[in-house]
Structure formats: structure tokens, C-alpha cells
Amino acid sequence: MPSTSASGAAATPVISIADFAYKVPASVAPGAKITIKNGDSEAHTVTSKDGGFDVKIDPGSSATITAPMKAGTYKFVCTFHGNMSGTLVVQ
Ligand SMILES: [Cu+2]
């Protein structure tokens, strides 16, 4: 079975943060709960530029956001570190 098979998967999508960078799933379903894991020793945020979601994740902790219900491409940043940015694709 190919390891990339993902249709209808019920697994919770995860955004992981390590070394001041986001690792984001290729896409998530509208309204999906997304776990965010911060593997760094500093707090980070996942903050949507258009206000769809905003959460702070303490060092070594995890948090959860809910993906927007509207399909689209959502850019997000870390409000603490201006060089951190990512994109969440909802479809
Ligand atoms: Cu940060």
C-alpha cells in the first residue's frame, strides 16, 4: 500500500514547529481540528493574518485550532518572530 494514501483519513492533522519553522500538512478539511506541537524552547503563535485563527503555543507544548469553514489559502505568522510564516490550505 502506498504510504501517501490519505483519502478519508480521520487522523488529526498536525502543524509541528521546530527550529523556528512550521511544518504544515498539504491541506486540511474545513472545520478540522488541528493540533499544533511546539518542539522549540520558545513560545510561538499561529496567527492568521485575516483573523481566522490565533493561538499561542508554549515551549514544548501543544495547542489546538479549528480550521476555517471556508475553503481557501490562509497565510499565518508567528507574532513573536517576524521571520516565521506558513500557509494553511483548507479544502
Ligand atoms: Cu515564533
Side-chain angles (χ1 to χ4, degrees):
M1 224 177 122
S3 60
T4 50
S5 167
S7 61
T12 303
V14 174
I15 296 174
S16 54
I17 306 172
D19 298 327
F20 296 82
Y22 299 107
K23 191 166 170 233
V24 185
S27 67
V28 302
K33 296 263 189 280
I34 306 168
T35 299
I36 303 161
K37 294 180 177 172
N38 181 3
D40 281 343
S41 54
E42 290 197 38
H44 296 296
T45 75
V46 170
T47 303
S48 166
K49 287 184 167 178
D50 42 25
F53 44 88
D54 182 15
V55 68
K56 177 182 169 221
I57 313 98
D58 287 329
S61 293
S62 59
T64 304
I65 60 170
T66 301
M69 290 304 296
K70 190 168 179 289
T73 299
Y74 297 84
K75 293 201 184 303
F76 61 84
V77 297
C78 173
T79 57
F80 301 140
H81 307 105
N83 59 329
M84 290 179 67
S85 65
T87 302
L88 181 68
V89 176
V90 177
Q91 65 181 19

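Below, each value reflects all heavy atoms present in this structure, side chains not excepted, and no hydrogens, waters or symmetry copies. Read the numbers this way: they start at 1 and go in the same order the structure lists the ligands and their atoms. Numbering starts at 1 and runs along the sequence shown.
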SG (Cys78) to the Cu ion (ligand 1) to SD (Met84), nearest 10°, is 110°
Do Tyr74 side-chain atoms and Ala67 backbone N/O form a donor-acceptor pair below 3.5 Å? no
Measuring from the Cu ion (ligand 1), name the closest N, O or S atom belonging to His81. ND1
Are the side chains of Ile17 and Ile36 in contact, using a 4.5 Å heavy-atom criterion? yes
Would you check if Ser85 and Val77 make a side-chain contact, meaning some heavy-atom pair closer than 4.5 Å? yes
dist Lys56:NZ -> Thr47:OG1 (nearest 0.5 Å) comes out at 11.5 Å
How is the N/O/S atom of His44 that comes nearest to the Cu ion (ligand 1) named? ND1
